[in-house]
Visitor: 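Sharing a structure, written as structure tokens. Questions coming.
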Protein chains: 2
Amino acid sequence: MVDEVLELLRERGHRLTKPREAVARALLEAEDWLRPEQVWEVAHHYCPSVGLVTVYRTLALLEELGVARRIHLAHGCHGYAPAEMHHGHHLVCRSCNQVLEFLGTEDLAPLIAQVSRRTGFVVEEHLLELVGRCPACQQT
Amino acid sequence: MVDEVLELLRERGHRLTKPREAVARALLEAEDWLRPEQVWEVAHHYCPSVGLVTVYRTLALLEELGVARRIHLAHGCHGYAPAEMHHGHHLVCRSCNQVLEFLGTEDLAPLIAQVSRRTGFVVEEHLLELVGRCPACQQT
DNA sequence: TTGCCTGTTGATATAATTTTTCAATAAGGA
DNA sequence: TCCTTATTGAAAAATTATATCAACAGGCAA
């Protein structure tokens with residue numbers, strides 16, 4: 001899994017380094033999306049010397065390679081999820097900020113095709129965020 | 001238009017102030033979404049003394065009232081659009097960052113209803129972002 | 001294996017954006 | 001008009017992300 005990413009890096013002419021491996025590993029083993037700083041905490045475990053700056057750089061690189069996906073959060077900072085995990089969309093609770101993934105990408109295909117036809121855009125990815133209140137937070 | 005917002009503010013127990021009116025006016029007359037600083041520039045025109053901090057506070061308040069909608073942009077900062085304008089979604093060009101609005105909310109209604117039923121979430125708003133390349137940027 | 005070239009890194013500084021603090025101000029009811 | 005208190009604006013602080021640059025290390029060639 002991580003190996004495939006490292007292989008991809010090499011193919012594209014990037015060097016294989018410990019920091020990059022650590023960041024890739026941290027992201028890929030995530031159960032959920034992580035904020036850059038959280039990625040850093042985990043990556044740190046694999047490569048103690050890794051700096052936060054490199055985490056940012058590597059996440060951007062992984063996004064470019066299609067391995068990571070950037071998520072836009074309600075409160076302004078960014079999160080990243082492994083790309084294959086994020087073929088679903090997310091559901092954010094406005095109160096407790098929990099994020100639930102749900103599937104349903106195929107429902108959007110016709111819409112995307114239509115938009116693409118009308119605007120000339122090549123749509124490379126999409127993000128559907130539903131914001132609301134989870135069952136627990138509705139009771140407040 | 002602005003009057004309705006002011007009325008809504010009063011109904012909810014908020015005070016009617018020049019800065020709030022200026023921010024509401026700036027946002028409502030926008031052709032497109034604006035970043036907080038852009039809102040400030042326009043609001044400034046209606047209330048020269050208004051500070052950027054108040055713009056942030058008022059935008060948050062307007063969002064709470066359902067008058068403004070927060071938009072999550074690719075590069076991390078936020079933008080706001082009048083709520084009624086933003087019943088469409090947006091299409092972001094990865095290269096030049098231009099944002100196009102497009103309609104199609106009704107297509108999502110069944111999906112939202114289904115998710116709501118399955119998860120127990122009350123979905124209050126949604127955001128669909130398509131990211132890709134605009135016709136001009138495809139040629140690079 | 002050794003050495004070299006150059007892509008990468010990490011620390012620091014910097015930038016950009018948003019939030020907090022708090023004294024002064026002004027809205028709106030009495 | 002007066003009083004209470006929500007609201008404001010300026011400055012400071014916090015947060016998040018990026019730029020700079022000398023030191024380092026990956027990987028190819030010899």
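Order of the sequence lines fixes the chain letters, A, B, ..., with proteins taken first and strands second; residue numbering starts at 1 for each chain. Note that the structure is a prediction, hence the values are computed from the model and not measured.
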Visitor: State whether Glu21(B) and Lys18(B) are salt-bridged, where the test is any N-O pair (Lys NZ or Arg NE/NH1/NH2 against Asp/Glu carboxylate O) under 4.0 Å.
Guide: no
Visitor: Would you call Glu29(B)-Arg25(B) a salt bridge at under 4.0 Å N-O?
Guide: no
Visitor: Against Tyr56(B), only a single residue in Thr54(B), Thr58(B), Leu52(B), Val53(B) fulfils side-chain contact (heavy atoms from CB on, under 4.5 Å); can you say which?
Guide: Leu52(B)
Visitor: Whole angstroms only, please: what is the CH2-C1' distance between Trp40(B) and dT8(D)?
Guide: 15 Å
Visitor: Which comes earlier along DNA chain C counting from the 5' end, the contact point of Tyr56(B) or that of Cys47(A), where each point is its nearest nucleotide?
Guide: Cys47(A)
Visitor: Less than 4.0 angstrom between a side-chain N/O of Arg20(A) and OP1 or OP2 of dT8(C), yes or no?
Guide: yes
Visitor: For the helix from dT1(C)-dA30(D) to dA30(C)-dT1(D), what angle lies between the axis at the first five pairs and the axis at the last five pairs, to 10 degrees?
Guide: 30°
Visitor: Hey, quick one: are Leu34(A) and Leu28(A) part of the same hydrophobic cluster, counting side-chain heavy atoms closer than 4.5 Å, chains of contacts allowed?
Guide: yes
Visitor: Round to a whole Å and report the spacing from NE2 of His44(B) to C1' of dA10(D).
Guide: 13 Å
Visitor: Does Leu65(B) belong to the same Ile/Leu/Val/Met/Phe/Trp/Tyr cluster as Val5(B), with side-chain heavy atoms less than 4.5 Å apart forming each link?
Guide: yes
Visitor: To the nearest Å, how far apart are Glu37(A) CD and dT18(D) P?
Guide: 14 Å
Visitor: Check the distance between dT7(D)'s C1' and Leu61(B)'s CG and give it to me in whole angstrom.
Guide: 11 Å
Visitor: Any link between Val39(B) and Leu61(B) through a network of hydrophobic side chains (Ile, Leu, Val, Met, Phe, Trp, Tyr) touching at under 4.5 Å?
Guide: yes
Visitor: Which nucleotides of nucleotides 23-30 of chain D have their base under 4.0 Å from a protein heavy atom (B), which only their sugar-phosphate (S), and which neither (-), written as one string 5' to 3'?
Guide: --BBS---
Visitor: Can you tell me how far C1' of dA17(D) sits from CD of Glu63(A), to the nearest Å?
Guide: 14 Å
Visitor: Heavy-atom nearest nucleotide on DNA chain D for Val55(B) versus Leu52(A): which residue maps closer to 5'?
Guide: Val55(B)
Visitor: Is the shortest side-chain heavy-atom distance between Val23(A) and Val42(A) below 4.5 Å?
Guide: no
Visitor: Counting only heavy atoms not in Glu37(B) (residues, nucleotides, ligands), do more than 12 fall under 6.0 Å from its CD?
Guide: no
Visitor: Think Thr54(A) has a side-chain N or O under 4.0 angstrom from the OP1 or OP2 of dT8(C)?
Guide: no
Visitor: Of all heavy-atom pairs between Val50(A) and Pro19(A), which one has the smallest distance, and what is that distance?
Guide: CG2-CB, 4.0 Å
Visitor: How many Å lie between CG on Leu6(B) and P on dG28(C), as a whole number?
Guide: 10 Å
Visitor: In terms of side-chain heavy atoms of Val53(B), which of dT18(D), dT18(C), dA10(D) is nearest?
Guide: dA10(D)
Visitor: I need the CG-P distance between Leu59(A) and dA17(D), as an integer number of Å.
Guide: 10 Å
